[in-house]
Amino acid sequence: MPGRHVSRVRALYRLILQLHRVLPPDLKALGDQYVKDEFRRHKAVGSDEAQRFLQEWEGISTIVDACVQ
């Protein structure tokens, strides 16, 4: 299970950074740094917190994806 969690986190991280590519350079830099900081801060949290974190970021990525389409 931990391996599946790690791959899910990495895939989400890559997706969010990929979605940022369409943003203006200043916003892209700000968004990329924010995502990197958030993922770093939540690297060692417990299982429940990690689940909430992933659910929230998956929701955010869905919203951003819909906006850039």
Side-chain angles (χ1 to χ4, degrees):
M1 192 64 120
R4 184 166 186 252
H5 172 76
V6 170
S7 64
R8 182 177 167 202
V9 171
R10 286 183 182 154
L12 179 59
Y13 182 77
R14 281 192 308 270
L15 173 64
I16 293 167
L17 293 179
Q18 183 179 17
L19 289 170
H20 284 179
R21 290 181 187 164
V22 299
L23 297 174
D26 291 346
L27 289 177
K28 180 186 178 309
L30 179 67
D32 287 355
Q33 191 58 54
Y34 181 76
V35 169
K36 290 174 185 179
D37 291 344
E38 278 293 293
F39 273 72
R40 225 176 265 129
R41 269 193 291 272
H42 287 83
K43 201 171 189 174
V45 297
S47 180
D48 291 341
E49 179 74 16
Q51 275 300 105
R52 281 193 303 275
F53 178 79
L54 286 176
Q55 287 173 346
E56 289 298 320
W57 276 101
E58 286 169 344
I60 291 168
S61 70
T62 300
I63 292 168
V64 171
D65 188 37
C67 289
V68 299
Q69 297 282 330

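These values consider heavy atoms only, across backbone and side chains, with no hydrogens, waters or symmetry-generated copies.
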Distance col, row Gln33:CD vs Glu38:CD, nearest 0.5 angstrom, shows 11.5 Å

Starting from Leu17, can I reach Ile63 by hopping between I/L/V/M/F/W/Y residues whose side chains sit under 4.5 Å apart?
no

So how far is it from Leu19 CG to Ile60 CD1, rounded to the nearest 0.5 Å?
11.5 Å

Do Leu23 and Leu15 share a hydrophobic cluster, counting only Ile, Leu, Val, Met, Phe, Trp and Tyr and linking them when any side-chain heavy atoms are less than 4.5 Å apart?
no

Could you tell me which residues satisfy side-chain contact (heavy atoms from CB on, under 4.5 Å) with Ala50, sequence neighbours excluded, listed by chain and number?
His5, Val45

Heavy-atom count around Gln51 CD within 6.0 Å, excluding the residue itself: above 12?
yes

Would you indicate whether the side-chain heavy atoms of Val64 and Ile16 approach each other to under 4.5 Å?
no

Restricting to pairs with a member in residues 6-25, which pass salt bridge (Lys or Arg N to Asp or Glu O under 4.0 Å), not counting sequence neighbours?
Arg8-Glu58

Taking ring-ring contact (aromatic ring centres under 6.0 Å, His included) as the test, write out the residues that go with Phe39, two or more places apart.
Tyr13, Phe53, Trp57

